[in-house]
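As the structure is a computational prediction, the values presented were derived from the model and not from experiment.
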Amino acid sequence: MAIKLNSNYLGDFVSAEELSKIKEEVVAAHNTLKSRSGEGSDFLGWETLPTDYDKEEFARIKVAAEKIKKSCDVFIVVGIGGSYLGARAAIEFVKSPLYNNLKKDTPDIYFAGNTISSSAIKELLSICEGRDVCINVISKSGTTTEPAVAFRILRELLEKKYGVEGSKDRIFITTDRERGTLKAFADERGYETFVVPDDVGGRYSVLTAVGLLPIAVAGIDIDAMMQGALDASNKFTDPDIDNNDCYKYAALRNLLYRKGRGIEILVGYEPSLLLFNEWWKQLYGESEGKDNKGIYPSSVIFSTDLHSLGQYIQEGTRNIFETVISVKDSGCEVIIPEDAANVDGLNFLSGSTLDKVNHTAMCATLLAHNDGGVPNIVLELDDFSAYSFGFAVYFFELACAISGYTLGVNPFNQPGVEAYKKNMFALLGKPGYEDMGEALRARIK
């Protein structure tokens, strides 16, 4: 099993009696999910994705990835939120946060359309100078401001460099199967298209073409990734939390929330988990943060952040709990050398591996934070393979659905996200928003 839950660092924060009492709620959430009778049931395509994914499109993704590898030095993924976080998380998880600096036979991969920063896009254009470029635009509608603006700018770059006809073989679109302005534009121009499934929300979409094309371009085994997700889907079927670590995680989160622990910190001890944590934050924040409810998702990378946030976690307000991802096998071994002068006083570590020291730092921190009154859930992950990534993605998606239904919210909508978009359209003068824009401008101080 790629993930195992260790509850030994929860101390007295959650009792066996409390776990027993929440079992019925978790079973009810399970039944709601499986019967597709709850709110958001039209967005449950992710649940059966490991078996029901489009095999023909999956094959086309592999072919397109090989074409991209051969035709460009720089591959730019244009998207925001769930349209890029999962792919970036996978690349950093399986390959490295320094992927673009590694010696490799795959293109450098950059991400655009997740900000409206002029300096960020200018720097990216500079990186593209003198290099062959392909882009993958990911947007259900094609009208989301951030990726749409980036696509305009990057399309202009490609058309100036390769011509309109030449650029069509370098632009790949992931969008709605039939509808939307981006789909219509892609068909008109002759771009190859892939599908954002109607029944899979953006934050649950990493194992669709949304994530799989960029992941495959990075040279990651997407077959192994889907196998990991399939094994997770088969593993976590028993609604009894005593036999299901995924559901137990969902139950523990809800119990801690009811005890005033309204902030969850996802902890990693490897930089490779930084973007995975970012993906997780969107998944849980957008799924549970509604109806004035929800656990606030935060994240850290230790031991780095112990030197900035450690004091607060140790002795600050007791409204937090931590979920620690402990990776058994980092995939490499570095031995600490002997220093004849012993200027740092660390010769007692000579001959030890950095992994051993890192694991010891984790154990020391777990004990210290427990003593400081912070509950800790530990999720033990096998390694940084594509298989483990797929397994972990499905684990967290399923736990999120069960946790959301147990909390009493719809885990699959995000009505609050539209508020800033409407305000921005109005303030920028989009046709049809004139009256709203005038009222909003009067409120700006």
Side-chain angles (χ1 to χ4, degrees), residues 2 61-79 83-114 120-121 123-136 138 154 170 172 206-207 210-226 228 268-280 299 301-304 325 327-337 353-355 357-358 381-393:
I61 287 170
K62 292 180 180 180
V63 172
E66 291 303 315
K67 177 181 177 181
I68 291 165
K69 289 178 193 178
K70 294 174 182 177
S71 61
C72 72
D73 311 303
V74 175
F75 181 58
I76 302 173
V77 182
V78 180
S83 294
Y84 92 99
L85 279 171
R88 187 169 179 183
I91 292 166
E92 296 201 7
F93 182 104
V94 179
K95 292 292 187 176
S96 168
L98 301 176
Y99 167 83
N100 285 344
N101 302 102
L102 300 177
K103 293 180 180 179
K104 56 190 184 299
D105 57 1
T106 52
D108 289 349
I109 300 177
Y110 293 92
F111 295 85
N114 49 59
I121 195 71
E123 289 166 359
L124 183 56
L125 293 174
S126 177
I127 287 170
C128 292
E129 289 180 7
R131 306 174 77 186
D132 282 319
V133 180
C134 294
I135 65 175
N136 175 207
I138 306 168
L154 292 168
R170 295 179 173 274
F172 300 82
V206 60
L207 298 178
V210 170
L212 291 177
L213 178 58
I215 291 168
V217 171
I220 296 171
D221 186 347
I222 59 175
D223 287 295
M225 190 170 289
M226 294 303 290
Y269 279 80
E270 294 282 351
S272 297
L273 288 168
L274 179 62
L275 260 293
F276 185 87
N277 289 1
E278 293 299 311
W279 168 81
W280 172 88
S299 67
I301 297 295
F302 288 162
S303 64
T304 304
I325 299 179
V327 181
K328 295 179 184 178
D329 181 7
S330 71
C332 59
E333 184 177 90
V334 176
I335 306 294
I336 300 172
T353 66
L354 276 180
D355 276 352
V357 177
N358 202 23
L381 181 65
D382 284 348
D383 53 33
F384 286 110
S385 64
Y387 175 92
S388 289
F389 182 85
F391 195 103
V393 163

Between atom [atom1] of [X] and atom [atom2] of [Y], what is the distance when rounded to the nearest 0.5 Å?
X      : Y      : atom1 : atom2 : value
Ile301 : Glu270 : CD1   : CD    : 8.5 Å
Ser330 : Asp383 : OG    : CG    : 10.0 Å
Arg88  : Ile91  : CZ    : CD1   : 9.0 Å
Leu85  : Asn277 : CG    : CG    : 11.5 Å
Phe391 : Ser385 : CZ    : OG    : 11.0 Å
Ile109 : Glu92  : CD1   : CD    : 10.5 Å

- Task: Determine the interplanar angle of the Phe276 and Phe93 rings, folded into 0 to 90°, and report it as parallel if under 30°, tilted if 30 to 60°, perpendicular if over 60°.
- Result: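 Ring orientation of Phe276 relative to Phe93: tilted.
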- Report the C-alpha distance between Leu212 and Lys62 in whole Å, list the side-chain angles of each, state the deciding distance to 0.1 Å, and finish with yes or no for side chain to side chain contact (heavy atoms under 4.5 Å, CB included). CA-CA 9 Å; Leu212 291 177; Lys62 292 180 180 180; over 6 Å; no
So which atom in [X] and which in [Y] form the shortest heavy-atom distance, rounded to 0.1 Å?
X      : Y      : result
Leu154 : Ala112 : CD1-CB, 4.3 Å
Val327 : Asp382 : CG1-O, 4.2 Å
Gly219 : Lys95  : O-NZ, 3.8 Å
Asp221 : Ala224 : OD1-N, 3.1 Å
Ala392 : Leu381 : CB-CD1, 4.4 Å

What I'd like to find out is whether the side chain of [X] reaches to under 4.5 Å of the side chain of [Y], using heavy atoms alone.
X      : Y      : result
Asp329 : Phe384 : no
Ile336 : Leu354 : yes
Val74  : Cys72  : no

- Go through the steps for Glu333 and Asp355 under the test side chain to side chain contact (heavy atoms under 4.5 Å, CB included), then give the verdict. CA-CA 7 Å; Glu333 184 177 90; Asp355 276 352; 5.8 Å; no
Side chains of residues 124-136: which donor-acceptor pairs under 3.5 Å do they make with residues two or more places apart or in other chains?
unit_1, atom_1, unit_2, atom_2, d
Arg131, NH2, Asp108, OD2, 2.9
Asp132, OD1, Tyr162, OH, 2.8
Asn136, ND2, Phe172, O, 3.0
Asn136, ND2, Thr174, OG1, 3.2

So, the side chain of [X] versus the backbone of [Y]: is there a donor-acceptor pair under 3.5 Å, distance only?
X      : Y      : result
Asn114 : Tyr84  : no
Lys104 : Tyr99  : yes
Arg170 : Ser71  : yes
Asn358 : Tyr269 : yes

- Item | Residues Val63, Ile61; criterion side chain to side chain contact (heavy atoms under 4.5 Å, CB included); working and verdict | CA-CA 5 Å; Val63 172; Ile61 287 170; over 6 Å; no
- Message: Taking side-chain hydrogen bond (donor to acceptor under 3.5 Å, both in side chains) as the definition, give me every residue that meets it alongside Ser272, ordered by chain and number, with sequence neighbours left out.
- Response: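 Listed in chain order: nothing, the list is empty.
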